[in-house]
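What follows is a short report on a single structure.
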Amino acid sequence: MKSVYFISDLHLGANYLANPRGNELRVVRFLESITPDARELYLLGDVLDYWYEYKSVVPRGYVRFLGQLARMADAGVKITWLTGNHDVWLFDYLSDEIGLTVLKRHTQMEIGGKQFFLSHGDDVGYQKPSYRFMRFCFYNRVCQWLYAGIHPRITSAVATGWSTQNRMNRKADKVSDEMKKSARHLLDFARDYSGGHPEVDYFMFGHLHLAQDTPLDDRRRVIFLGDWISQFTYAVFDGEKLSLERYAE
């Protein structure tokens with residue numbers, strides 16, 4: 001059996017990356033390297049640092065990355081993209097043009113005879129009320145319609161500026177503490193969910209930029225996928241073994 005791959009938090013196009021084009025090319029080289037062996041590819045959110053897809057207009061950029069996804073789809077690789085909080089406004093453009101599947105929320109599915117629970121990581125477990133409200137606005141059809149009425153020159157500048165400021169102004173020790181706390185919340189969620197869904201073998205999360213493989217018990221595991229800003233990590237399932245790996249050129 002060919003392998004199934006999982007990646008998240010690429011944040012392609014982010015202004016705070018030292019070499020945005022270099023990061024995109026690294027991702028493309030990785031995807032090229034796995035294409036002959038890949039049966040499925042799961043993108044678990046925040047693949048793009050910002051994206052708003054209008055009815056007849058899409059943002060510029062990401063040409064090499066999207067082209068590689070198209071080549072993989074044409075080669076028979078099934079691609080599923082679960083949106084995160086940065087690429088939440090992905091609608092039907094890539095589904096129509098590339099043939100990938102876009103999911104807007106967590107899902108449980110069978111992959112290679114195992115049960116997987118997949119989530120970006122921001123729609124399950126405990127979240128601050130302020131974050132829940134922000135997420136509600138992001139997904140609300142009326143809010144999306146109102147946002148689309150603002151000129152992209154303004155919305156793009158605000159969104160990318162907000163993302164950059166949020167990333168650059170966060171202190172490393174505070175980020176580490178928040179990440180560990182959020183990871184505990186997701187582990188608690190996985191334990192609680194397992195109580196009602198004992199069939200789940202693997203829980204897969206992004207969002208935290210934490211690369212970690214944690215056992216829940218002697219069968220179930222929780223995988224935090226890391227990121228492609230500094231860690232370049234991914235998970236691969238070959239039908240028997242699931243492992244968290246690091247891409248090194």
Where [X] and [Y] come nearest, the two heavy atoms and their spacing:
X      : Y      : value
Leu44  : Ser119 : CD2-O, 3.6 Å
Phe203 : Ala190 : CZ-O, 3.5 Å
Leu48  : Asp87  : N-OD2, 3.8 Å
Leu216 : Ser194 : CD1-OG, 3.9 Å
Leu244 : Phe224 : CD2-O, 3.9 Å
Cys143 : Cys137 : CB-O, 3.2 Å

Could you tell me which residues satisfy salt bridge (charged side-chain N to carboxylate O under 4.0 Å, His left out) with [X], sequence neighbours excluded, listed by chain and number?
X      : result
Arg219 : Asp201
Asp192 : none
Asp96  : none
Arg191 : Asp188

Kindly say whether [Y] contributes a backbone atom to a donor-acceptor pair with the side chain of [X] at under 3.5 angstrom?
X     : Y     : result
Trp81 : Ser95 : no
Arg64 : Val27 : no
Asp49 : Gly13 : no

Contacts under 3.5 angstrom, residues 125-134 side chains, donor-acceptor by atom type, not counting sequence neighbours:
unit_1: Gln127; atom_1: NE2; unit_2: Gly121; atom_2: O; d: 3.4
unit_1: Tyr131; atom_1: OH; unit_2: Asp122; atom_2: OD2; d: 2.9
unit_1: Arg132; atom_1: NH1; unit_2: Gln127; atom_2: O; d: 2.5

For Val142, which fellow cluster members are found when Ile, Leu, Val, Met, Phe, Trp and Tyr are connected by side-chain heavy-atom distances below 4.5 angstrom, either directly or through intermediates? Trp145, Leu146

Is there a path from [X] to [Y] through hydrophobic residues (I, L, V, M, F, W, Y) whose side chains come within less than 4.5 Å of each other?
X      : Y     : answer
Leu66  : Tyr50 : no
Val58  : Phe91 : no
Val47  : Val77 : yes
Leu242 : Ile7  : no
Leu17  : Tyr62 : no

Could you check whether any side-chain heavy atom of [X] comes within less than 4.5 Å of a side-chain heavy atom of [Y], counting everything from C-beta outward?
X      : Y      : answer
Tyr193 : Val124 : no
Trp51  : Leu12  : no
Val222 : Leu186 : no
Tyr52  : Pro152 : no
His120 : Asp9   : yes

[atom2] on [Y] to [atom1] on [X], rounded to 0.5 Å:
X      : Y      : atom1 : atom2 : result
Leu118 : Thr80  : CG    : OG1   : 8.5 Å
Glu53  : Asp92  : CD    : CG    : 5.5 Å
Thr214 : Ile223 : OG1   : CD1   : 7.5 Å
Ile79  : Leu69  : CD1   : CG    : 5.0 Å

Would Arg221 and Tyr202 count as a side-chain contact (heavy atoms from CB on, under 4.5 Å) if you check the C-alpha gap in whole Å, the side-chain angles of each, and the deciding distance to 0.1 Å? CA-CA 5 Å; Arg221 288 155 59 194; Tyr202 302 113; 3.9 Å; yes

Listed pairs under 3.5 Å, donor-acceptor, residues 110-117 side chains, sequence neighbours left out:
unit_1: Glu110; atom_1: OE2; unit_2: Gly112; atom_2: N; d: 3.3
unit_1: Glu110; atom_1: OE2; unit_2: Gly113; atom_2: N; d: 2.3
unit_1: Gln115; atom_1: OE1; unit_2: Gln108; atom_2: NE2; d: 3.1

Those residues at least two apart in sequence (or on a different chain) that pass side chain to side chain donor-acceptor pair (under 3.5 Å) with Tyr93 are none

With sequence neighbours excluded, residues passing side chain to side chain donor-acceptor pair (under 3.5 Å) with Trp228: none

Scan the side chains in residues 99-106 for donor-acceptor partners under 3.5 Å anywhere in the protein, sequence neighbours excluded, and list what turns up.
unit_1: Lys104; atom_1: NZ; unit_2: Val88; atom_2: O; d: 2.5
unit_1: Lys104; atom_1: NZ; unit_2: Leu90; atom_2: O; d: 2.4
unit_1: His106; atom_1: ND1; unit_2: Asp123; atom_2: OD2; d: 3.1

Under 3.5 Å donor-acceptor pairs involving side-chain atoms of residues 29-43, not counting sequence neighbours:
unit_1: Arg29; atom_1: NE; unit_2: Glu249; atom_2: OE2; d: 2.3
unit_1: Arg29; atom_1: NH2; unit_2: Glu249; atom_2: OE1; d: 3.1
unit_1: Arg29; atom_1: NH2; unit_2: Glu249; atom_2: OE2; d: 3.1
unit_1: Ser33; atom_1: OG; unit_2: Phe30; atom_2: O; d: 2.6
unit_1: Thr35; atom_1: OG1; unit_2: Leu31; atom_2: O; d: 2.6
unit_1: Thr35; atom_1: OG1; unit_2: Gln68; atom_2: NE2; d: 3.3
unit_1: Asp37; atom_1: OD2; unit_2: Ser3; atom_2: OG; d: 3.1
unit_1: Asp37; atom_1: OD2; unit_2: Tyr5; atom_2: OH; d: 2.6
unit_1: Glu40; atom_1: OE1; unit_2: Tyr42; atom_2: OH; d: 2.4

Cut-off 3.5 Å, no hydrogens considered: what does the side-chain donor-acceptor table look like for residues 230-238, sequence neighbours left out?
unit_1: Gln231; atom_1: NE2; unit_2: His209; atom_2: O; d: 2.8
unit_1: Gln231; atom_1: NE2; unit_2: Asp227; atom_2: OD2; d: 3.1
unit_1: Thr233; atom_1: OG1; unit_2: Leu225; atom_2: O; d: 2.7
unit_1: Asp238; atom_1: OD1; unit_2: Glu240; atom_2: N; d: 2.9
unit_1: Asp238; atom_1: OD1; unit_2: Lys241; atom_2: N; d: 2.6

